[in-house]
Amino acid sequence: MIFYFSGTGNSQWVAEELAANLQDRAIMVTEASSCYSLEKDEIIGFVFPIYAWAAPAYIYEFIKNLQLENYQRNYIFFVATCHTQTGNIDGSMKSALAARGWACNAGFSINMPNNYLMAPFAKTDSPQKRKKLLTAAQKKIAAITGDITARYNGFKLTRGLKLLSLIAPLFRKYMTAKGFWVEEDICIKCGKCAEVCPVDNIKLAPYPVWGNKCQMCVACLNKCPVAAIQYGRFTKGKERYVFCKKYLP
């Protein structure tokens, strides 16, 4: 089984491609049961994006509450999608799994198109760069499939500076849903933002209102059909990004 978390579709695509290659299943963690019965020699995978050089908070919470029945040192791996670097993701994932008595056998990373727009100079990639990244990602998925099939033990990550992972707690504390706001003269009150929020954190009243469960996946911001949703001061006027197969080679 492959469990994944995805906001704008990068990690979902990777998880589904891996599942197809491995003749396995991929399921979004927000829709998965907290109790899973393992078959003999069944593999377990986690696929997720990198937020501030760590996994989304929901991934760690999911692992904390997950029950793996019949666990017999089954092969466990993770794949982190990121724009550039993963920080100390292998350390945090090994710790999260070890706390449950499970070993983390392998970890991989795949560079994907950028969807993070909240920083002053952050922007989406050009169509040419998206195609270049996804061409490389397809090859990486094929290589990872081979490594998993061979039960590779180790980590193949674009780590960068591991110390950058120290930013993750600050990111979770200060990058909250309070930063979202709506251009009411543009908003068409279609409810798309509430529909695509993976943790059911948005309600219409009649404009979008955010709760306190936000994972900062920015699905609402990127998938708004009229770009009425903004975050802070730096997203207005920027092109949005949502994974689309038209960018595949």
Side-chain angles (χ1 to χ4, degrees), residues 1-6 10-29 32 34-112 133-134 136-166 168:
M1 174 64 77
I2 298 175
F3 299 104
Y4 71 88
F5 182 89
S6 185
N10 283 341
S11 295
Q12 179 179 353
W13 173 69
V14 170
E16 290 176 348
E17 288 292 296
L18 278 173
N21 291 350
L22 296 165
Q23 298 183 334
D24 206 330
R25 292 180 295 158
I27 185 169
M28 179 76 160
V29 289
S34 60
C35 184
Y36 185 75
S37 181
L38 290 166
E39 297 179 6
K40 185 180 180 182
D41 298 326
E42 182 176 2
I43 64 172
I44 292 292
F46 299 93
V47 180
F48 50 81
I50 291 291
Y51 297 162
W53 300 280
Y58 202 102
I59 285 290
Y60 298 115
E61 192 65 21
F62 179 75
I63 291 172
K64 181 180 178 181
N65 295 316
L66 180 63
Q67 301 295 323
L68 291 180
E69 297 179 352
N70 305 322
Y71 172 76
Q72 298 290 332
R73 300 189 65 80
N74 295 67
Y75 184 83
I76 299 179
F77 70 93
F78 70 83
V79 179
T81 62
C82 63
H83 192 233
T84 53
Q85 302 172 352
T86 61
N88 191 36
I89 188 61
D90 49 330
S92 66
M93 282 297 289
K94 284 192 289 186
S95 295
L97 292 167
R100 302 304 321 281
W102 308 327
C104 183
N105 298 100
F108 311 90
S109 65
I110 299 178
N111 289 4
M112 295 289 286
L133 285 168
L134 291 173
Q138 284 185 315
K139 295 178 181 177
K140 196 71 175 286
I141 291 171
I144 292 171
T145 300
D147 284 335
I148 294 169
T149 301
R151 300 297 189 265
Y152 168 82
N153 275 269
F155 299 91
K156 297 181 178 181
L157 304 166
T158 54
R159 288 188 180 89
L161 294 173
K162 283 190 174 185
L163 288 175
L164 288 173
S165 294
L166 297 175

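Not measured: the values here are computed from a predicted model.
Counting heavy atoms from C-beta outward, L18 and D24 have side chains that stay 4.5 Å or more apart. Between I110 and I144, some side-chain heavy-atom pair lies under the 4.5 Å cut-off. Between Q138 and W13, the closest side-chain pair of non-hydrogen atoms falls below 4.5 Å. L66 places a side-chain heavy atom less than 4.5 Å from the side chain of W102.
Between the CE atom in M1 and the CD atom in E42 there is a gap of 7.0 Å [rounded to 0.5 Å]. The CG atom of D90 lies 5.5 Å from the CG atom of N88; values are rounded to the nearest 0.5 Å. Interatomic distance, CE of M112 versus NE2 of H83, reported as 10.5 Å (0.5 Å rounding). With values rounded to the nearest 0.5 angstrom, N10 atom CG is found 10.5 Å from C82 atom SG. A distance of 4.5 Å separates CG of D147 from CZ of F108, quoted to the nearest 0.5 Å. Between the CD atom in Q12 and the OH atom in Y4 there is a gap of 3.5 Å [rounded to 0.5 Å].
Without hydrogens or angle criteria, Y75 side chain to Y152 main chain gives a donor-acceptor distance under 3.5 Å. Remark: the backbone N or O of A55 is paired with a side-chain donor or acceptor of Y60 at under 3.5 angstrom. A donor-acceptor pair under 3.5 Å is formed between the side chain of N105 and the backbone N or O of I76.
The aromatic rings of F78 and F48 sit parallel to each other, their planes meeting at less than 30°, with 60° as the upper class boundary. Between F5 and Y58, the ring planes are parallel. Angles under 30° get that label, and only those over 60° would be called perpendicular.
Counting all heavy atoms, side chain and backbone alike, I63 lies closest to R100 at O-NH1, 2.9 Å. Nearest heavy-atom pair, N74 versus E39, reported as atom, atom and distance to 0.1 Å: ND2-O, 3.5 Å. Closest heavy-atom contact between P56 and P49: CD-O, 3.1 Å. Nearest heavy atom pair, residue V47 against residue S11, reads CG1-O, 3.6 Å. The shortest non-hydrogen separation linking S109 to L157 is OG-CA, 3.4 Å. The shortest non-hydrogen separation linking A80 to T86 is CB-CG2, 4.4 Å.
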Report the C-alpha distance between L38 and Q72 in whole Å, list the side-chain angles of each, state the deciding distance to 0.1 Å, and finish with yes or no for side-chain contact (heavy atoms from CB on, under 4.5 Å). CA-CA 9 Å; L38 290 166; Q72 298 290 332; over 6 Å; no

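When the shell of 6.0 Å around CZ of R151 is examined, it contains more than 12 heavy atoms from other residues, nucleotides or ligands.
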